[in-house]
Every structure is written in structure tokens, then in C-alpha cells.
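Data first, discussion second: the structure below is written as C-alpha cells.
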Amino acid sequence: MFTINDGNRDKNWEVEISSLTITGGKAGEGGGILNRESLNLINSIVIGNSASSRGGGIFNDGDVEIANSTISGNSASSRGGGIFNDDSM
């Protein structure tokens, strides 16, 4: 669905997702959101996404802040059906 990544290990981008429903995404990692930057998820719903490896709803390898949001009904074959966190939350 969403890949937030500028292509290097630095966290140069600050991205805000607000008042959005993210659903139906499928990926190896991060079916709904794959984040490698600084993400603010506000008043949003992440539901019904899947990953063949990790992070069905969200795969985080950056910084993420989540406020007033619902993460539910996501799945991953390995770990982190809702959220797989590999950095900071």
C-alpha cells in the first residue's frame, strides 16, 4: 500500500497520514505500511492487510507515532500481524 522510504538509512522524511483507512494491502513486509522514515499516523484505520513475512498492518524500521488510530484484523505469516517494530515507536 504505502512505502515510506527515501532509499537510504537516514530518516530524512517526516510523513503524516491522517484520517485515512488503509485496507487490502499485500506485501512481503508491511502489507499496509512499510516505514523507514519518521511517520505520524493520526485518526486512521489500518485493517485487513497481510504480509507473507512480517508486519501485516505496519512494518516499522524507522520512527513511528500512532495517535487515535485503530490497527486490527491484519495478518503476517511470520511475526507482527498488526505491527512489526524494528526501530522506535
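- Placement of I45 and M1 in two distinct hydrophobic clusters is found when ILVMFWY residues are connected by side-chain heavy-atom separations under 4.5 Å, directly or transitively.
- Enclosure of atom CD in E16 by more than 12 non-hydrogen atoms of other residues, nucleotides or ligands within 6.0 angstrom is indicated.
- With side-chain heavy atoms closer than 4.5 Å counting as contact, directly or through intermediates, the hydrophobic cluster containing L34 also holds F59, F84.
- Two residues are said to be in side-chain contact when any heavy atoms from C-beta on lie closer than 4.5 Å; I58 and I66 meet this criterion.
- Of the charged side-chain nitrogens involved, none lies within less than 4.0 Å of a carboxylate oxygen, so that D86 and R36 do not count as a salt-bridged pair.
- Scored by the side-chain contact (heavy atoms from CB on, under 4.5 Å) test, N68 finds N43 as partners (sequence neighbours excluded).
- Looking only at side-chain heavy atoms (C-beta outward), V46 and N74 come within less than 4.5 Å of each other.
- Residues I42 and S69 approach most closely at C-OG, 3.6 Å, considering heavy atoms.
- Summarising the geometry of D10 relative to N8, their closest heavy-atom pair is N-OD1, 2.8 Å, with the distance given to 0.1 Å.
- Judged by distance alone, the side chain of D63 and the main-chain N or O of L39 form no donor-acceptor pair under 3.5 Å.
- Residues S44 and I17 come closest through the heavy atom pair OG-O, 3.7 Å.
- Identified under the ring pair (Phe, Tyr, Trp, His ring centres under 6.0 Å) test for residues 10-50, with sequence neighbours left out: none.
- Pairs engaging residues 34-55 under the ring pair (Phe, Tyr, Trp, His ring centres under 6.0 Å) rule: none recorded [sequence neighbours left out].
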**Request:** Apply side chain to side chain contact (heavy atoms under 4.5 Å, CB included) to E37 and D6, showing your working.
**Result:** CA-CA 8 Å; E37 300 294 330; D6 66 359; 2.8 Å; yes
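- The closest donor-acceptor contact from the side chain of N5 to the backbone of T3 lies at 3.5 Å or more, if one exists at all.
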All N/O donor-acceptor pairs, side-chain side in residues 19-33, below 3.5 Å, sequence neighbours left out:
from	atom 1	to	atom 2	distance (Å)
T23	OG1	I47	O	2.8
E29	OE2	R54	NE	3.0
E29	OE2	R54	NH2	2.5

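- Considering every non-hydrogen atom in both S52 and S77, the closest pair reads O-CB, 3.2 Å.
- In terms of the salt bridge (charged side-chain N to carboxylate O under 4.0 Å, His left out) criterion, residue partners of D87 (sequence neighbours excluded) are, by chain and number, K11.
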